[in-house]
Structure formats: C-alpha cells, structure tokens
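To keep things clear, I will list the structure first and then write my remarks on it.
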Amino acid sequence: MAYHLSVFVVNEPGKLEKITRALTERGLNIRALAMASTGEFGVVRVLVNDPDRGLEALRESRFTVTRRRILVALIEDRPGAMHELLVTLASAKVNVEDCYGFVIEEGKKAAIVFEVEKFPEAEKALAGTTVRLISDAEIYRL
C-alpha cells in the first residue's frame, strides 16, 4: 500500500519551509506537494519517497501529521483524460476524498494521486481501462 502524508498547519509564513526542512534533514525526497487552506489553518499533502520516515520526521518536528493511503493513476496528458478517470470512479460508486495531480511528461502522461473510500472497488473499476495504477515502488520513484 502506498501513502502520502497530511500535515495540519497554522496558516502563517514559513509553514512550508518548516515542513521541507524536517524532510530534508532526514534526506527525504518530496515527490509531490499540495496545499489547501481555510482561513487560519491548512492541510499540506506531501508525497515523499519514504512515508514512514517522513511521518517520523514530521512528528519529531512537532507537526500534527497522518499517513493516508493513496492510489496513483497514470493517465494521458490530454484534455478529458482526468474527466474519464472520474467518470469511471463515479460510475462504480467510488467517492474520491482527496485528489491532486502533476504532469510527468508534457503531452504524454500525468499522475493523479487520490484517496478513495473503497480502494478495492477503485482498483477493480480502473482495471481494463487506459488508466494504469502504478505500484508503490514506482510511486516513490516518480
């Protein structure tokens, strides 16, 4: 199973720098990062090459952090590809709880990181489509 980290932070200058410092000091590589804030507080999602060590590093730095299971789908980098992925999941009654993505190779492929309620159902729904779920090892090497 693959994981990313959800870090809860006060919305103030330097919050990201403190997170990246804690990870850098442990020699961890950030593969992706997404942030959302709602006024005073925010959540930073961090995909690192070793989530267990990342969790430990952030906790030792006094962050409130959780490790959350994810799937990562490789899709074509073209208009409509993300929509097709979401139609497939919605048709299978799979609720996407969190999602972010990034282009790996412009015009060729993108990675979509998502948390879902029902992992087996998501995997089954995507089997046989043009979407490829990538392995844990591949995720941490992206």
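What you see is a predicted model; the values in this text were computed from it and never measured.
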Gap separating the CG atom of Leu58 from the OG1 atom of Thr64, nearest 0.5 angstrom: 10.5 Å
Side chain to side chain, Val116 and Asn95, heavy atoms closer than 4.5 Å: no
Salt bridge present between Arg69 and Glu97 (N-O < 4.0 angstrom): no
Any side-chain heavy-atom pair of Glu121 and Val94 under 4.5 Å: yes
Phe41 and Val10: CA distance, side-chain angles, deciding distance, side-chain contact (heavy atoms from CB on, under 4.5 Å) verdict: CA-CA 4 Å; Phe41 301 98; Val10 174; 4.0 Å; yes
Any Phe102 side-chain heavy atom under 4.5 Å of Ile112 side chain: no
Closest heavy-atom pair and its distance - Ala2, Ile139: CB-CD1, 3.4 Å
Point-to-point distance, once rounded to the nearest 0.5 Å, from OG1 of Thr130 to CD of Glu84: 6.5 Å
Arg45 side chain near Val43 side chain, heavy-atom distance below 4.5 Å: yes
CG-CD distance between Asn11 and Glu40, expressed to the nearest 0.5 angstrom: 9.0 Å
Side chains of Met82 and Glu76 in contact at under 4.5 Å (non-hydrogen atoms): no
Pair Tyr100 and His4, ring centroids less than 6.0 Å apart: yes
Residue from Leu33, Thr66, Val65 passing side-chain contact (heavy atoms from CB on, under 4.5 Å) with Val7: Val65
Distance-minimising heavy-atom pair for Leu5 and Gly54: CD1-C, 3.6 Å
Approximate separation, where rounding is to 0.5 Å, of Leu71 CG and Ile134 CD1: 10.0 Å
Where Val131 and Ala73 come nearest, the two heavy atoms and their spacing: CG1-CB, 3.5 Å
Closest contact, heavy atoms only, Arg26 versus Ala57: CG-CB, 3.4 Å
4.5 Å side-chain heavy-atom contact, Ile70 and Leu47: yes
4.5 Å side-chain heavy-atom contact, Met35 and Leu16: yes
Glu105 atom CD: more than 12 heavy-atom contacts under 6.0 Å: yes
Test log, rule side-chain contact (heavy atoms from CB on, under 4.5 Å), inputs Leu23 and Val48: CA-CA 9 Å; Leu23 297 171; Val48 295; 3.9 Å; yes
Heavy-atom side-chain proximity of Ile19 to Phe63 below 4.5 angstrom: yes
Cationic tip of Arg67 above Tyr3 ring, under 6.0 Å, 45° of axis: yes
Separation of His83 NE2 from Thr88 OG1 (nearest 0.5 Å): 9.0 Å
Arg68 with Asp98: basic N within carboxylate O range, under 4.0 Å: no
Short side-chain to backbone donor-acceptor contact, Asn49 and Asn29, under 3.5 Å: yes
Test salt bridge (charged side-chain N to carboxylate O under 4.0 Å, His left out) applied to Lys93 and Glu117, step by step: CA-CA 10 Å; Lys93 306 276 190 259; Glu117 280 180 337; over 6 Å; no
Candidate pair Arg62 and Lys18, rule side-chain contact (heavy atoms from CB on, under 4.5 Å), full reasoning: CA-CA 10 Å; Arg62 301 200 172 284; Lys18 290 173 185 170; over 6 Å; no
same_hphob_cluster(Val96, Ile75) at 4.5 Å side-chain heavy-atom cutoff: yes
Glu123 versus Leu133, closest heavy-atom pair with distance: CG-CD1, 3.7 Å
CG-NZ distance between Leu74 and Lys108, expressed to the nearest 0.5 angstrom: 14.0 Å
Glu17 and Thr20 side chains, donor-acceptor separation under 3.5 Å: no
